[in-house]
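Take a look at the structure set out below.
Per chain, numbering begins at 1; letters A, B, ... match sequence-line order. Note that these values count all heavy atoms, side chains included, but never hydrogens, waters or copies made by symmetry.
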Protein chains: 2
Amino acid sequence: TESTEILETKISDLMIPSEKVAHVQNQNPLEHALLVLVKTGYSAVPVLDANFHFEGIVSKTMIIESILGIERIEVEKLSKITVSFVMEKDVPTIRKDDTFMKGLKLVINRPFVCVVDESGYFDGILTRRVILKQMNRYLHE
Amino acid sequence: TESTEILETKISDLMIPSEKVAHVQNQNPLEHALLVLVKTGYSAVPVLDANFHFEGIVSKTMIIESILGIERIEVEKLSKITVSFVMEKDVPTIRKDDTFMKGLKLVINRPFVCVVDESGYFDGILTRRVILKQMNRYLHE
Ligand SMILES: Nc1ncnc2c1ncn2[C@@H]1O[C@@H]2COP(=O)(O)O[C@H]3[C@@H](O)[C@H](n4cnc5c(N)ncnc54)O[C@@H]3COP(=O)(O)O[C@H]2[C@H]1O
Ligand SMILES: Nc1ncnc2c1ncn2[C@@H]1O[C@@H]2COP(=O)(O)O[C@H]3[C@@H](O)[C@H](n4cnc5c(N)ncnc54)O[C@@H]3COP(=O)(O)O[C@H]2[C@H]1O
């Protein structure tokens with residue numbers, strides 16, 4: 001029946017491949033990460049190491065919170081602190097050959113989830129938008 | 001059949017009511033809006049006028065972009081510019097008695113959509129999270 005078709009979609013069919021994903025490196029200064037986030041308009045992007053392995057997520061909120069002092073915004077910290085100090089490391093990831101339902105469950109509480117292979121190499125991201133588009137198509141049948 | 005049940009859900013059953021939604025007013029200085037956004041962690045929140053009518057959306061990206069000068073970050077602008085100068089006004093809204101499908105279509109390309117009545121009075125927001133949760137329940141039946 002139709003309803004099994006959507007359930008058989010693989011994450012690899014839905015994900016945005018790594019070459020199309022804006023990302024930063026863990027050793028970049030916060031200044032660089034903030035510019036990437038503002039230029040792309042994204043709220044958060046993946047953080048990779050020098051070997052293209054997934055390390056975590058960095059968001060505008062994490063960067064702004066780290067420079068908000070009691071008296072003033074400590075702008076000089078942006079060039080002194082690296083991404084690795086503010087990024088969130090404890091986030092779920094998913095595999096290319098995982099199921100649609102596993103992807104749906106992971107994006108209920110977060111805007112996107114990173115796709116990695118068994119050695120942690122970064123393959124891309126699965127976004128809420130793609131899951132919602134798939135659902136819209138499915139309900140129209 | 002089950003599949004009509006989800007389609008009959010009304011937006012009023014799914015939306016976050018206005019009293020639970022963080023928002024700012026159009027005459028607030030940017031400084032206030034940035035603090036609300038950082039304290040709540042939200043990427044963007046609704047902007048209302050003094051009569052609780054919906055005016056638009058303001059995000060961290062809009063605020064940061066407005067203070068990024070060529071040479072440096074012009075922090076002093078945060079207390080000089082009001083939210084009305086940077087907010088996005090041309091955004092879709094939805095009614096309490098609209099259908100689930102209309103809500104689903106509107107959140108495909110944006111994280112949330114504001115619920116207003118026929119006079120523009122702010123009733124709440126419909127978020128992607130709530131739509132995704134509903135989908136997850138529906139696919140499990
Ligand atoms: N430049 C743009 N062009 C068109 N639409 C845009 C856009 N920037 C944002 N949006 C829309 O706004 C949604 C939320 O974006 P946000 O940046 O908060 O949250 C984004 C962002 O943090 C991340 N993301 C999406 N695409 C990315 C990419 N190519 N590289 C890096 N991160 C990405 O995944 C989150 C969810 O993305 P999703 O597509 O579900 O949802 C996106 C998309 O529908
Ligand atoms: N304090 C918190 N506690 C728990 N989870 C949190 C959270 N802040 C963010 N999240 C999670 O991250 C998602 C994206 O949040 P974001 O702030 O980019 O984007 C949010 C935010 O801009 C706005 N939003 C959500 N709840 C709001 C509220 N009570 N007041 C004002 N704006 C709200 O709607 C967008 C979509 O919300 P949605 O719930 O679908 O999706 C949220 C939610 O799953």
Side-chain angles (χ1 to χ4, degrees), chain A residues 1-4 6-7 9 30-31 34-44 59-69 71-79 88 99-112 127-141, chain B residues 1-4 6-7 9 30-31 34-44 59-69 71-79 88 99-112 127-141:
Chain A
T1 69
E2 275 159 31
S3 81
T4 52
I6 190 167
L7 299 180
T9 328
L30 287 188
E31 199 166 47
L34 188 61
L35 271 179
V36 167
L37 287 167
V38 176
K39 287 271 175 283
T40 58
Y42 295 131
S43 302
S59 70
K60 287 185 188 115
T61 302
M62 293 169 204
I63 295 174
I64 299 171
E65 266 178 337
S66 74
I67 62 171
L68 267 190
E71 304 278 343
R72 62 185 189 85
I73 295 183
E74 300 165 357
V75 188
E76 64 288 354
K77 280 191 175 168
L78 287 174
S79 51
E88 186 184 353
T99 63
F100 178 84
M101 281 310 283
K102 183 165 179 187
L104 168 59
K105 286 188 202 317
L106 283 179
V107 296
I108 288 174
N109 287 311
R110 55 190 67 75
F112 68 97
T127 62
R128 279 178 164 175
R129 180 170 174 279
V130 167
I131 294 279
L132 289 161
K133 268 178 76 176
Q134 202 68 359
M135 281 299 182
N136 185 43
R137 242 179 254 135
Y138 170 63
L139 285 175
H140 273 301
E141 284 163 19
Chain B
T1 69
E2 303 156 4
S3 83
T4 52
I6 191 168
L7 298 179
T9 324
L30 287 188
E31 197 167 48
L34 188 61
L35 272 179
V36 167
L37 287 168
V38 175
K39 287 272 176 281
T40 58
Y42 295 130
S43 301
S59 71
K60 286 185 188 118
T61 302
M62 293 169 204
I63 295 175
I64 298 171
E65 262 174 358
S66 72
I67 62 170
L68 267 189
E71 304 278 340
R72 60 185 189 86
I73 296 183
E74 300 164 358
V75 189
E76 65 286 354
K77 279 191 178 166
L78 288 175
S79 50
E88 186 185 353
T99 64
F100 178 84
M101 281 310 282
K102 183 165 180 189
L104 166 59
K105 288 191 202 315
L106 284 180
V107 295
I108 287 174
N109 287 311
R110 54 192 67 75
F112 68 96
T127 62
R128 279 177 162 176
R129 180 170 175 281
V130 166
I131 295 279
L132 288 161
K133 268 178 75 177
Q134 200 72 356
M135 283 298 184
N136 184 43
R137 241 179 253 134
Y138 170 63
L139 285 175
H140 272 300
E141 285 165 17

Problem - Minimum side-chain heavy-atom gap B:L68-A:L35 below 4.5 Å - result: yes
Completion exercise
Under 4.5 Å to a heavy atom of chain B? For A:V38 that would be both
Exercise for the section: Pick one of side chain, backbone, both or neither for A:M62, based on which atoms fall under 4.5 Å of a heavy atom in chain B. Expected result: neither
Completion exercise
Separation between CD1 (B:I131) and CG (A:N136), nearest 0.5 Å, reads 10.5 Å
Handout entry: Set of residues satisfying side chain to side chain donor-acceptor pair (under 3.5 Å) with respect to A:Q134, sequence neighbours excluded
Key = A:R137
Handout entry: Region of A:K133 that comes under 4.5 Å of a non-hydrogen atom in chain B
Key = both
Practice task
Side-chain contact test, heavy atoms from C-beta onward, threshold under 4.5 Å: evaluate it for B:L78 versus A:I73 and give yes or no.
Solution key: yes
Handout entry: B:M135 CE to A:K105 NZ distance, which is reported to the nearest 0.5 Å
Key = 13.5 Å
Completion exercise
Looking only at heavy atoms, the pair that brings B:R129 and A:I108 closest together is CG-O, 3.2 Å
Exercise for the section: Mind checking the CZ-OG1 spacing from B:R128 to A:T127? Nearest 0.5 Å is all I need. Expected result: 7.0 Å
Exercise for the section: Nearest 0.5 Å please: distance from the CG atom of A:L37 over to the CD1 atom of B:I64. Expected result: 8.0 Å
Practice task
Heavy atoms only, distances under 4.5 angstrom: which of B:H140, B:K39, B:R72 has the most pairs with chain A? Name it, please.
Solution key: B:H140
Problem - Under 4.5 Å from a heavy atom of chain B, the part of A:V130 involved - result: neither
Exercise for the section: Look up atom NZ in A:K60 and atom CD1 in B:I63, then write down how far apart they are to the nearest 0.5 Å. Expected result: 11.0 Å
Completion exercise
So CG of B:N109 and CG of A:L132: to nearest 0.5 Å the spacing works out to 9.5 Å
